[in-house]
Peer 1: 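Before I ask anything, here is the structure I am working with.
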Protein chains: 2
Amino acid sequence: MGRRTTIIDVAKECGLSQATVARVLNGQKDIQVKEKTRERVLKAAQKVGYRRNALAANFRRQQTNTIAISIADITNPFFPELIKGIQDKMRDCGYSVIQLNNEWNPDIEQEHFQYMVQTCVDGAIISPSHPMTNFDTLETVPFILLTNSDLFSNYDTVGNDSKAGMRIALEHLYGLGHRRIALLVGGSMSSGSSWRRDLFCEFYREKGMSLPANMQVACDFSVSSTASFVQARKSMENFLSQNPLPTAVFASNDILGLATLQVANEKGIQVPEQLSIVGMDGIFSGEVSSPPLTTVKKNRAEIGRMAAQTLIDKIKKPQGWQTKRLVLPCKLLERGSMGPA
Amino acid sequence: MGRRTTIIDVAKECGLSQATVARVLNGQKDIQVKEKTRERVLKAAQKVGYRRNALAANFRRQQTNTIAISIADITNPFFPELIKGIQDKMRDCGYSVIQLNNEWNPDIEQEHFQYMVQTCVDGAIISPSHPMTNFDTLETVPFILLTNSDLFSNYDTVGNDSKAGMRIALEHLYGLGHRRIALLVGGSMSSGSSWRRDLFCEFYREKGMSLPANMQVACDFSVSSTASFVQARKSMENFLSQNPLPTAVFASNDILGLATLQVANEKGIQVPEQLSIVGMDGIFSGEVSSPPLTTVKKNRAEIGRMAAQTLIDKIKKPQGWQTKRLVLPCKLLERGSMGPA
DNA sequence: GTCAACCTTGATAACGTTATCATTTTAGGG
DNA sequence: CCCTAAAATGATAACGTTATCAAGGTTGAC
C-alpha cells in the first residue's frame, strides 16, 4: 500500500540497476552515465513518482546539509539582517539553517553546542555569548565566530572593525568642532566595553585635550533590547541634567543612541543643534527616529554572507585549513542627529 | 580507528543485547527494563563514550524532530518576536526550527514547500505570502497558518483579531473627540488592505458622520521595511500638506505610523497636540520614537507559542484532527502619540 | 584482429538505529 | 512447588541510500 517509492522501484520500472538509478537521480556532478540511460531513469522516476528520501541519504553520508547559527537573541534588532545574510548565502549553496538563541547565557550556549554535535550539523556560525566561551564541546563541528575581538584571535572570525568605526565617529565629531564628547557604553557584560573606554581616553590624549570629568556613562546591560533601552534612558535622564552639557554623545550602539535622543527630545535639547548624537550598528529604528540617528553602520548582511561563505569553505576543505580573520570596515552613516558644535 | 562508537559497542561492553541497550539509551518513556540493567548500560555507555547517532535514528523513524517556519522576511521587525515565540515553545518540546524567508514571493514560497517535503520536516508554520497560496504541494506535512483572514478559514490558523484591534483604536480616537481621522494603509499586495478600508468606512457610517474627502492614503507596498518606510514618508509628506489637517491618523502598521510621525515632526506639526497617530503591531521602533508611538499591540511571542503548541498537537494526533482557528485579542498600547482632539 | 584503456553499468555491503517477534526470566496464585 | 501470565531481554530484519569494487562494453591504436 502507500509505501514510499524508492530507488528500487525506479530501477524495476526502467530495467536498470539501482546503482545506475542512484547515479542519475542523486549523483554528484562527477556523473558518468549515458544520455540515453539518464533519460530512461528520469522517465521511470517520473512515472512511479519517485521522491528522494533525504533522511536516508543524510544517514548514509553522515551529513545533514544543515548549519546552525548561535546568537544571543533574534529579537535584538542587530541580528536579523545578519541572519538573513547567512541564510541567503547558505541557501544558494544548498544548506539549510537552524538558528538558536542563547540569551547571552553561556549555559544555554553550551547546550546548543551539545545539540549541534548530537544533531550532526555540518557547521556552525557563532556569535559568542561571552569572552570565555568554551568551544571544545563542539568537538569536530567546524565553526566560524562573528566577532573581531582580540579575545578570539585563535579562531576563524568574521567581524566589523568596530575600533576603526568608533575612531571614525570621534574624528568626525572632532572635525565638526566638538570638544566635549561623551561616551555611552553598555554594562560590564558586554565584552566590548573596556576597549571602548580605552580608545575613548586615548582619543582625548591624542588630541591633546584633557578628558573632562563626567564624560563617560555606563548603563546596565540587559538581555532584551527594550530593557536595555529603558536602562539607557534612566542613565541619560540623569546625565543630560548636568551643566554644562557635552556637545556630543557617542553611543556604543544604536539602542543607547536612541535612548539618548529620546531623552534629549523630551528635555527640549535640540538635536543636533545643541547636542550631536552618534550611534553604532545602523539598525532600522535609527532610521525612523526624529531626527534619524547618525550612526556607524555595520553591514550586517555582508558579514553574514561572508561568514557563511567562509564556513562553507572550511567545511569543504577539512584539512590544511588556515585560520582566517576577516575584518570589514564600518561606515559613518550621516543622518540627522549630528551637526557642528 | 576513529570509528564512532555505536550501540553495539555498548552492548559488547556490558554483555547485554543491543536491543536492551537501545531501550535504555534511546527508548521512549514506555520503557520496560530493570533498574540494575539500566545502570549497567549507562555505565558502559559512559565508558565507551557512546553518543547517539541522530541521523540514523531520524532515518529509521522517518522523522526529524524539526519543523519549518515560512515567513516573508526576518528583517521585517514584525517577525522576530513571533519566531522567538515559536522557537522557545518548540525547543521545550524537543523540536528544532528551520526558518525560511519567501520575500513575499509565492514562487519562493512554493520552493520552500518543496523543500519541506523533501527534507521531511515534521511540520510547518506558515505566514502565507499571498491570499491564493497553494498548500497542496505540502502533501502530508502538517501545517498551521499565521493569519486570521477569512480567506484561510478552511485551515488551522492562529492570529490576532486585527479587525477588533483596529476598531478599538478608532473608538478610542473617537472617544478622545477626534472626528477627522485618516486611514493609512499599505498597497494592494497586502491582503488586509480592503477589509481595513471597509471597516474604516463602516465606522464613519456607524457614528453617523460623513466621511470627509481625502481621508484615506494608500502607499505602495514594498518588500523591505526600509523601503516601505520611505514610500510611506513620500505619501505622508504630500498628505500632511493639506488644509485642514486630520486630527488623527490610524496607520495599519507601525512602520507607516512611524513614517507619519517623522514627517509630522519635520513639518513642525505637534504630536499629539495637533495630530494623534496610532499604529499597529507594537514593534520596537515605536518605543524609541519621539514621542513613542501609540499602537494596537499584537502579542507576537504569544501567537508564536500558540502556533507552535497547536502544530505539535496536530503532529501528535494524526487522525481525527479538527480544524482549529485560534484568535488572540489586540490591545491598545498607549504611549505618547495619541491625545485629545 | 587484438589488446589495453577507458567508459558504463551491475551487484552488494554497509550505515546505526528502531521495531517486531521470539525467548527467557520473574512474579504470583493456587 | 508448579503453572500461568506478565515482565524483561534477545535475535534479527528492516529503513533507502551511497560507495566500493567487479564486470561488461566500447573505442582506438598498432
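Chain letters run A, B, ... following the sequence lines, proteins first and then strands; every chain starts at 1.
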Peer 1: CD1 of Ile7(B) versus C1' of dA19(C): gap in Å, rounded?
Peer 2: 12 Å

Peer 1: Would you mind reading off the distance between Ile8(B) atom CD1 and dG16(C) atom P, rounded to a whole angstrom?
Peer 2: 8 Å

Peer 1: Does the aromatic ring of Phe59(A) sit over the six-membered base ring of dC15(C), closer than 5.5 Å centre to centre and tilted less than 30°?
Peer 2: yes

Peer 1: Would you say that more than 12 heavy atoms from the other residues, nucleotides or ligands in this model lie under 6.0 Å from the CD of Gln118(B), or not?
Peer 2: yes

Peer 1: Quick one: Gln63(A) CD to dT18(D) C1', roughly how many Å, whole number?
Peer 2: 11 Å

Peer 1: Would you kindly give the NZ-to-P distance between Lys12(A) and dG16(D), to the nearest whole Å?
Peer 2: 12 Å

Peer 1: Does NZ or CZ of Arg300(B) fall inside the cone over Phe79(B)'s six-membered ring, less than 6.0 Å from its centre and within 45° of the axis?
Peer 2: no

Peer 1: Specify the separation, in whole Å, of atom CG of Asn53(B) and atom P of dT17(C).
Peer 2: 6 Å

Peer 1: Tell me: CZ of Arg40(B) to P of dA8(D), nearest whole Å?
Peer 2: 15 Å

Peer 1: Going by atom types alone, do Gln110(A) and Thr137(A) pair a side-chain donor with an acceptor below 3.5 Å?
Peer 2: yes

Peer 1: Once you build an axis from the first five pairs and another from the last five of the helix from dG1(C)-dC30(D) to dG30(C)-dC1(D), how far apart in angle are they, to 10 degrees?
Peer 2: 40°

Peer 1: Rounded to the Å, how far apart are Asn58(B) CG and dT17(D) C1'?
Peer 2: 15 Å

Peer 1: Working to the nearest 0.5 Å, report the span between CG of Asn76(B) and OG of Ser224(B).
Peer 2: 9.0 Å

Peer 1: Going by atom types only, do Glu81(B) and Thr75(A) share a side-chain donor-acceptor pair under 3.5 Å?
Peer 2: no

Peer 1: Taking the six-membered ring of Phe143(B) as reference, does the NZ or CZ atom of Lys314(B) fall below 6.0 Å from its centre and within a 45° cone about the axis?
Peer 2: yes

Peer 1: Please list, in numerical order, the residues of residues 42-52 of chain A that have a heavy atom closer than 4.0 Å to any atom of DNA chain D.
Peer 2: Tyr50(A), Arg52(A)

Peer 1: List for me each residue that meets ring-ring contact (aromatic ring centres under 6.0 Å, His included) alongside Tyr50(B), sequence neighbours excluded, and say none if there are none.
Peer 2: none

Peer 1: Taking N or O atoms only and anything under 3.5 Å, show me the protein contacts with nucleotides 9-14 of chain D, one pair per line.
Peer 2:
from    : atom 1 : to       : atom 2 : distance (Å)
dT9(D)  : OP1    : Thr37(B) : OG1    : 3.1
dT9(D)  : OP2    : Lys34(B) : N      : 3.0
dT9(D)  : OP2    : Thr37(B) : OG1    : 3.3
dG10(D) : OP2    : Ser17(B) : N      : 2.8
dG10(D) : OP2    : Ser17(B) : OG     : 3.0
dG10(D) : OP2    : Thr20(B) : OG1    : 2.6
dG10(D) : N7     : Arg23(B) : NH2    : 2.9
dA14(D) : N3     : Arg60(B) : NH1    : 3.1

Peer 1: Which residues pass the side chain to side chain contact (heavy atoms under 4.5 Å, CB included) test with Lys324(A), sequence neighbours left out?
Peer 2: Asp156(A), Thr310(A), Asp313(A), Trp321(A), Leu326(A)

Peer 1: With heavy atoms under 4.0 Å as the rule, sort Ala57(B) into base, sugar-phosphate or nothing.
Peer 2: sugar-phosphate

Peer 1: Can you list the residues that meet the side-chain hydrogen bond (donor to acceptor under 3.5 Å, both in side chains) rule with Tyr115(A), with sequence neighbours excluded?
Peer 2: Ser96(B)

Peer 1: Quiz question: by atom type and distance under 3.5 Å, do the side chains of Gln87(B) and Gln99(A) form a donor-acceptor pair?
Peer 2: yes

Peer 1: If we count only N and O atoms by modelled type, under 3.5 Å, do the side chains of Gln63(A) and Asn58(A) hold a donor and an acceptor together?
Peer 2: no

Peer 1: Rounded to whole Å, how long is the line connecting atom CG of Leu55(A) with atom C1' of dT17(C)?
Peer 2: 12 Å

